[in-house]
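Data block below; observations after.
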Number of protein chains: 2
Amino acid sequence: MCELYSKQDTLALRGKHIGPSCKVFFAADPIKIVRAQGQYMFDEKGDRYLDCINNVAHEVVKAALKQMELLNTNSRFLHDNIVEYARRLSATLPEKLSVCYFTNSGSEANDLALRLARQFRGHQDVITLDHAYHGHLSSLIEISPYKFRKGKDVKEEFVHVAPTPDTYRGKYREDHADPAMAYADEVKEIIEAAHSSGRKIAAFIAESMQSCGGQIIPPAGYFQKVAEHVHRAGGVFIADEVQVGFGRVGKYFWSFQMHGEDFVPDIVTMGKPMGNGHPMACVVTTKEIAEAFNSSGMEYFNTYGGNPVSCAVGLAVLNIIENENLQENAVQVGNYLTELLNKQKAKHPMIGDIRGIGLFIGIDLVKDREKRTPATAEAQHVIYKMKENQVLLSADGPHRNVLKIKPPMCFTEEDAEFMVDQLDRILTVLEEIMQVKTESVTSEGMPCKTKVPKEEHVEFLGGRSIESTESPSKKRNGLCSDQRALPSKRLKT
Amino acid sequence: MCELYSKQDTLALRGKHIGPSCKVFFAADPIKIVRAQGQYMFDEKGDRYLDCINNVAHEVVKAALKQMELLNTNSRFLHDNIVEYARRLSATLPEKLSVCYFTNSGSEANDLALRLARQFRGHQDVITLDHAYHGHLSSLIEISPYKFRKGKDVKEEFVHVAPTPDTYRGKYREDHADPAMAYADEVKEIIEAAHSSGRKIAAFIAESMQSCGGQIIPPAGYFQKVAEHVHRAGGVFIADEVQVGFGRVGKYFWSFQMHGEDFVPDIVTMGKPMGNGHPMACVVTTKEIAEAFNSSGMEYFNTYGGNPVSCAVGLAVLNIIENENLQENAVQVGNYLTELLNKQKAKHPMIGDIRGIGLFIGIDLVKDREKRTPATAEAQHVIYKMKENQVLLSADGPHRNVLKIKPPMCFTEEDAEFMVDQLDRILTVLEEIMQVKTESVTSEGMPCKTKVPKEEHVEFLGGRSIESTESPSKKRNGLCSDQRALPSKRLKT
C-alpha cells in the first residue's frame, strides 16, 4: 500500500485544511484506513479491522464502473439507467409509492421530502421524534433534536418534538399496557395543541428505526396509529430509511415494512447504502403528492441526482443484494448475533438491553440494571478497547451509551463470534474495575471523569494507553491517563 | 450501443416513476443521450451533438476509478486523498482561504456556507442578488429570487434582494458614470435599512458571474465595494463559484479572481465541474470563520463528503486541467468565440449583447436593439433549431432570452466555428420571419404565443417539427405547431 503521507502528516494536513467541526472516529488515536474488502478495513500498517459500523458500504461494486467510461451527465437528458433504476426501486415498495426524485445524499432527500410535504396542502409544521437525526442541512437541523439540542440553536416554533417510542428507557416502557397507543396519543396531543394555536401539520417524520437516537425499534402498531392522527390533520407520514433501508432488517427490504402491510408511509427517503459509498439518494412518494409539488410551478433540478453513473451503481447494488442473498444473510447472521449477545446479557450486568432486528442491533450499556443508569463513559471505553482489538464499533443515543451495530451486509457468523468474544473480554475486565471503582470513587461511578464529554469520540479510558508496549505496567494499571484516578485493581487485558 | 428501452418506453417509464417537477431539456422532443466523449454527446441513433451547456463534464476521468476498487468510506477515518485534495485546492486560492468542508453538491455547499456565515457573528440576514440561483434546498430557494419568484413561495423577512449589477439591462447601464459604485450603494442602502429595523447582516452571497440570471459579469470594483459595506456590517462575503469556477474564465482559476487581488471573499463554494460529473462539492473559508463554527459545539458530518473516491476523482480533474492546459484553452477558444460572435452581432440585429470571459459567454437576444426588448420566444426557437442542427444550447436569464454558452473545457476553435455557423443560419432565417411577423401579428412580436412560457424548456417553435422528413413542407413552412399562426413567408432552413 503506497502512502502519500505518514499518519502524522495526514493529521497535520487535516488540522490545517479540513474544518475542525469535521470529527474523526477515535479522536484520541484516529485510524488511517487505506483499503477495504467486504467487512474488513485495513490501516496503513496492514492491520485488519472488523467493520461493525460502516453501513455505507454494502459490497464492492465493480460492474457499474463501466458506465463512467461511457457517459455521465445530468437527468435533463433521457437515459435508460434512471428509469430502469426507478422501476426496480418502486418494485421493492408498496404500489402507491411509485414516483422517485433522485438526490445525492440522505440530507438532500429529507430536505426535499419536507418541501413535498409542505407543498401538498400548504401546511408548515413538522412533528419529529426526540433525539432524531435527519441530516446536516439547515432545514434538517431544525427538525433534529439530536443536533439542535447540542448546539446553540433553538427549537423553531413550527417544530414539535414527540417522545421517542423507546420502551426500554422512554416514558412508556415494556411494562405499560399499550405503549404503542400511549406514544401515538402523545402525537395526537401535539397535533391538537398545534391546531388550537392555529398551526397546521405538514408532516410527521421518523426513521423507521431510530439510529443515532440509540437503535430504537418502535412498538408494533405505533406507526399505524400515528399515521392515522397525522392524516386526519392533513399531514403526511415521512419514513426516513436512510440508515435502515435496503434489506438491513433482513426479512423486509424496508424497515417500515416490519410494521405490517397496513402501514404505508406517504414519503420514503433513502440514501447511504443505496450507492455503496457512491453519493446517491432518493425520495419516493405517491402520484398525488408529486403532482401537488409539480403544480407549484417550480422545477426541481438536481445536477448530479439520478445521473447515469449513480443509477448504474444503484442497479449493481440491487443486483448484489439479490444475487448474494444479502437479506437472507442479514436474517441468519442477525439472529445468531442477537442470540450470542443475549447470552452475554445473561453474563454481564452492564448489558441492560439487547435490541434490534437483522443487522441493526443496539447494546444498551448500564451502570445499574435496575435503574438503567446509562454507562456513558464506559461505552466510550468499550469502543476504544474494541478498536485496540481490531473491531470498529460506535456508541450513540442521547446518553451515548448504546453500542451501535450496523455492519456491512456481508457480515458472517464468524465475524459475529469474533466481535462478541472481544466484547465479552472487555466487559469482564471493565465490570471487575467498575466494582472496585464503585467502592472507592464518586457515587456517579465513573472512574475518571464525572462530566459527560460533549463530543462523540473523546479521550477517555484506554484511548490514551496506546503507547502501552513501552510501558506495559501503565497500560495494565489503568484505564485512565489521569494518574490520580487510577483504580487500585490491575487489569487483565 | 445497447439500449434497454426504446426512447418511447424511456419516456413512458419516466412519466410513471420520475417526479414531474424534474424537467428534461427540449421537453417537446427530449434527447436520449447514451454516450459522451469530450465535448460531444451521442443519442441512441448515434447522432452526434456538440455540447455547449453541459458544464458538469470537464473531461473524462479514468485514472481516479482505481480508488473505487481499493476503498470508499467516510471522512471519519484518516485518508491521504482528502488532505491531499484539500492541500491542492487551497493552493489555487488566496492564502487566507485555507479550510475546506467537503459536500456532495453545490447546494449542500451553499447551505453550509450560510450556516458558517450565521454562526460567525450570530447575524441572520442575507443579501442576495436579483435573479440569483444558489441551489435546490429549502434554505437556498429562500435566497434565490430566480426560484422563489417563480413558485408560490414568498420572500422571507431575513432575505434582502439587491439589484443585479447588469450593465446591459439593469438599473445602471454602461452609460452610467460609475455603475460599480451605484450598484454597491444599493447594497449599502439595504444594509442601512436592515439596521434601522434592528436586523443584522450575516452574509452577502453572489455568484462571481451570474449564470442562471443571464450570464452577467459585474462591473470592475463592484465586489470590492460590496465587501467593504458587508464587512463593516459584520457580515461575510460568499462567492458562489459552483457554475463558474475551476478555470472556466481561463486567465484565472476562480472567477472572483478577475476582480483583482484586493478582493478576497470570506467563503467560496464550488461544485459541478469539481468531480467531472461525480457528486462532489466544497466550501472553503478562513480559519477564523471555521473556528467560530466549531465553537458552536455542533459537529459537521457529511457521510459521502470528501470520501476517498470523490477526492481521487477531484485530484484527477485538477491534474487534467493542468496537464491539458485547459485554462489556456479557455482563453484561446473563448477569445476566438467571442470574436466570432461579435462579428455576428454586427450582422444580426437580434443580437443585442455579447458578454463573457473565457468559456462563459452569453448572447442576449433582442427584438429591438434600441429598446433591448428581450426576444424570449425567439430564444426558445433558436435553441430548438440549434438542437436540430446538433448543437446543445440553453436559454436563461430573467427573460429567458440569453443563450448560455458554458461548454466542456476541451471545446475547440472548430467547435466554436461550427456553433456560430449554425447560429448564423438560424438567426438569418428567423430575422427574415420576424420582419414578416412584426408586420402581421401582435405588437408583442411573438409569432406563436404572447404569453411567456413558465418553464424553461417549452413546446414552442420548431420543437414539434421533428417529423419533418415526412412532411418537408411543414417543416419549411413554419416555426410553429399552431397552424393558425403560421408565418406567411417560407423558411429556408
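All values derive from a computational prediction rather than experimental measurement. Note on naming: letters A, B, ... go to the chains in the order of the sequence lines (proteins, then strands), and numbering restarts at 1 for each one. Both backbone and side-chain heavy atoms feed into the values below; hydrogens, waters and symmetry mates do not.
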* Structure fact -> Scored by heavy-atom pairs under 4.5 Å with chain A, the best of B:G106, B:S139, B:A86, B:S138 is B:S138

* What residues form a side chain to side chain donor-acceptor pair (under 3.5 Å) with A:R121, not counting sequence neighbours? -> none

* Test item: B:N104 side-chain N/O and A:S105 main-chain N/O as donor-acceptor pair under 3.5 Å -> no

* Residue, of B:E291, B:K287, B:M280, that accumulates the most heavy atom pairs under 4.5 Å with chain A -> B:M280

* **Residue pair B:P279 / A:H278, side-chain heavy-atom distance below 4.5 Å** => yes

* Most chain A-contacting option - heavy-atom pairs closer than 4.5 Å, from B:L89, B:T285, B:V83 -> B:V83

* To do: Could you check which of A:Y300, A:F293, A:Y101 has the highest count of heavy-atom pairs closer than 4.5 Å to chain B?
  => A:Y300

* Distance-minimising heavy-atom pair for B:H17 and A:S98 -> ND1-O, 2.9 Å

* Find the one option among A:L116, A:I289, A:D111, A:V284 whose heavy-atom pairs under 4.5 Å with chain B are most numerous. => A:D111

* Ignoring hydrogens and angles, tell me if any N or O in the side chain of A:R115 forms a donor-acceptor pair with the backbone of B:H136 under 3.5 Å. => yes

* To do: Give, as side chain, backbone, both or neither, the part of A:S90 having an atom under 4.5 angstrom from any heavy atom of chain B.
  => side chain

* To do: For B:Y85, check ring pair (Phe, Tyr, Trp, His ring centres under 6.0 Å) against everything at least two apart and list the hits.
  => B:F102

* Which pair of non-hydrogen atoms, one from B:V99 and one from A:K16, has the smallest distance, and what is that distance? -> CG2-O, 4.1 Å

* Could you check which of A:T103, A:L137, A:L13, A:V283 has the highest count of heavy-atom pairs closer than 4.5 Å to chain B? => A:L137

* **Distance-only polar pair, side chains of A:E108 and B:S107, donor-acceptor under 3.5 Å** => no

* Asked: Can you say whether A:L392 sits under 4.5 Å from chain B via the side chain, the backbone, both, or neither, judging by heavy atoms?
  -> side chain

* Candidates A:R14, A:K7, A:K32 - the one meeting salt bridge (charged side-chain N to carboxylate O under 4.0 Å, His left out) with B:D80 -> A:K32

